[in-house]
**Q** 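Can you keep this structure in mind? I'll have questions shortly.
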Amino acid sequence: MAIEGMAFHKGEKILLKDAKVGVMTHALHYGTAVFEGIRGNWNSTKNQMMIFRLQEHYERLLRGANILRMNLPYSAEKLSDITVDLVKSNGYTQDVYIRPLAYKSHELVANLKLHELDDDITIIVVPFGSYIDNDKPIDCQTSSWRRPEDTMMPTGVKLSGLYTTSILAKTEAVASNFDEAILLNYDGTVSEGSGENLFMIRDNKIITPTETDNCLLGITRDSIIEIAEKELGISVIERQIHRSELYLADEIFLTGTAAHVTSVGSLDNRKIGSGQIGELTKKLQELYFSIVIDDESVKKKSNYSKWLTSFSV
Ligand code: PMP
């Protein structure tokens with residue numbers, strides 16, 4: 001029997017098909033919403049769902065909600081509990097993607113303000129396989145669209161309005177037969193992918209744009225920085241990256257909840273390194289995959305169970 005999806009909507013758990021908003025909703029008109037993308041990875045050996053860094057995702061969501069001057073009656077802990085309950089109710093025994101969306105729910109048009117408006121949060125859970133095929137390196141294109149500057153819109157959290165740019169960039173890349181877009185900042189330095197942070201490797205140094213390069217403060221990015229340090233003894237360098245440095249890189253990879261760790265084989269029709277997945281990218285990818293699913297067969301120096309919320313469904 002097919003599972004009927006459940007959502008958390010307007011304070012209660014209801015059927016996903018019944019979770020609706022009105023056409024006058026402020027967020028629908030103005031993008032006044034902030035969301036998260038959280039993965040539950042299914043460990044078929046242990047028969048357990050493992051949600052990766054659940055609380056940290058809600059902490060980032062609540063920081064975004066604060067920027068949008070939202071008053072949500074939930075803590076990160078409470079939202080985490082609601083999510084675990086919802087994932088159990090959905091009952092999927094496969095990888096899932098969890099999408100919380102906090103939004104200006106007020107049904108009032110022609111009203112350009114954030115204050116004195118109602119806010120709400122909806123959480124949905126959907127089965128989710130791979131977002132990008134990680135088995136082989138992907139082909140990327142430097143986008144003609146630029147990553148918005150933080151002076152135009154806050155970039156460190158997942159504000160819905162920001163994603164029009166990501167979607168324009170990804171659409172342009174895919175329409176030209178590339179897999180993914182890399183967005184530059186307005187000054188031409190590198191920011192990130194349409195839905196991923198970027199790392200480049202040169203002479204065994206791992207480099208990623210800084211927090212002030214308008215990229216999202218990615219949770220996978222943060223995880224990779226910690227894994228590289230603890231497992232490989234390599235401190236990731238956070239600094240500005242020029243566009244052409246990417247062409248000179250030995251390896252480039254992208255990180256994100258949906259994309260995991262994805263190797264970049266070419267950029268703008270130029271091979272990166274050998275064009276195959278690089279040695280360090282491969283090591284980090286293996287470590288990351290084994291950590292999100294708690295695969296003990298891959299030996300690790302540190303314990304990462306602090307990042308997992310695991311339960312049977
Ligand atoms: N940048 C953008 C624009 C994204 O949408 C995402 C996906 N959330 C990322 C980076 C990676 O962030 P995270 O690792 O937290 O998923």
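Atoms within each ligand, like the ligands themselves, are counted from 1 in listed order. A quick note: this is a predicted structure, and the numbers were derived from the prediction, not measured. The figures that follow rest on heavy atoms only: side chains count, while hydrogens, waters and symmetry mates do not.
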**Q** Give me each pair satisfying salt bridge (Lys or Arg N to Asp or Glu O under 4.0 Å) with a member in residues 64-80, each pair once, sequence neighbours excluded.
**A**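 Every candidate salt bridge (Lys or Arg N to Asp or Glu O under 4.0 Å) pair involving residues 64-80 fails, so no pair, neighbours aside, qualifies.
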
**Q** Run the ring pair (Phe, Tyr, Trp, His ring centres under 6.0 Å) test against Tyr163 and tell me which residues pass, sequence neighbours left out.
**A**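 Ring pair (Phe, Tyr, Trp, His ring centres under 6.0 Å) list for Tyr163, sorted by chain: Phe35.
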
**Q** Identify, with sequence neighbours excluded, every residue that meets side-chain hydrogen bond (donor to acceptor under 3.5 Å, both in side chains) alongside Arg146.
**A**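 Scan of Arg146 (side-chain hydrogen bond (donor to acceptor under 3.5 Å, both in side chains), adjacent residues dropped) gives none.
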
**Q** Answer yes or no: is there a donor N or O on one side and an acceptor on the other, between the side chain of Asp85 and the main chain of Ile82, under 3.5 Å?
**A** no

**Q** Quick one: table the atom pairs, ligand 1 N or O against protein N or O, below 3.5 Å, distance rounded to 0.1 Å.
**A**
unit_1   : atom_1 : unit_2 : atom_2 : d
ligand 1 : 1 (N)  : Glu192 : OE1    : 2.7
ligand 1 : 5 (O)  : Lys158 : NZ     : 3.2
ligand 1 : 5 (O)  : Tyr163 : OH     : 2.5
ligand 1 : 8 (N)  : Lys158 : NZ     : 2.6
ligand 1 : 14 (O) : Ile219 : N      : 3.3
ligand 1 : 14 (O) : Thr220 : N      : 2.8
ligand 1 : 14 (O) : Thr220 : OG1    : 2.5
ligand 1 : 15 (O) : Arg60  : NH1    : 2.8
ligand 1 : 15 (O) : Arg60  : NH2    : 3.1
ligand 1 : 15 (O) : Ile219 : N      : 2.7
ligand 1 : 16 (O) : Thr257 : N      : 2.9
ligand 1 : 16 (O) : Thr257 : OG1    : 2.6

**Q** For the atom pair CG (Leu248) and CZ (Arg243), what is the distance rounded to the nearest 0.5 Å?
**A** 12.5 Å

**Q** Under the criterion ring pair (Phe, Tyr, Trp, His ring centres under 6.0 Å), which of Tyr304, Trp307, Phe52 is the partner of Tyr288?
**A**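 Among the candidates, only Phe52 passes.
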
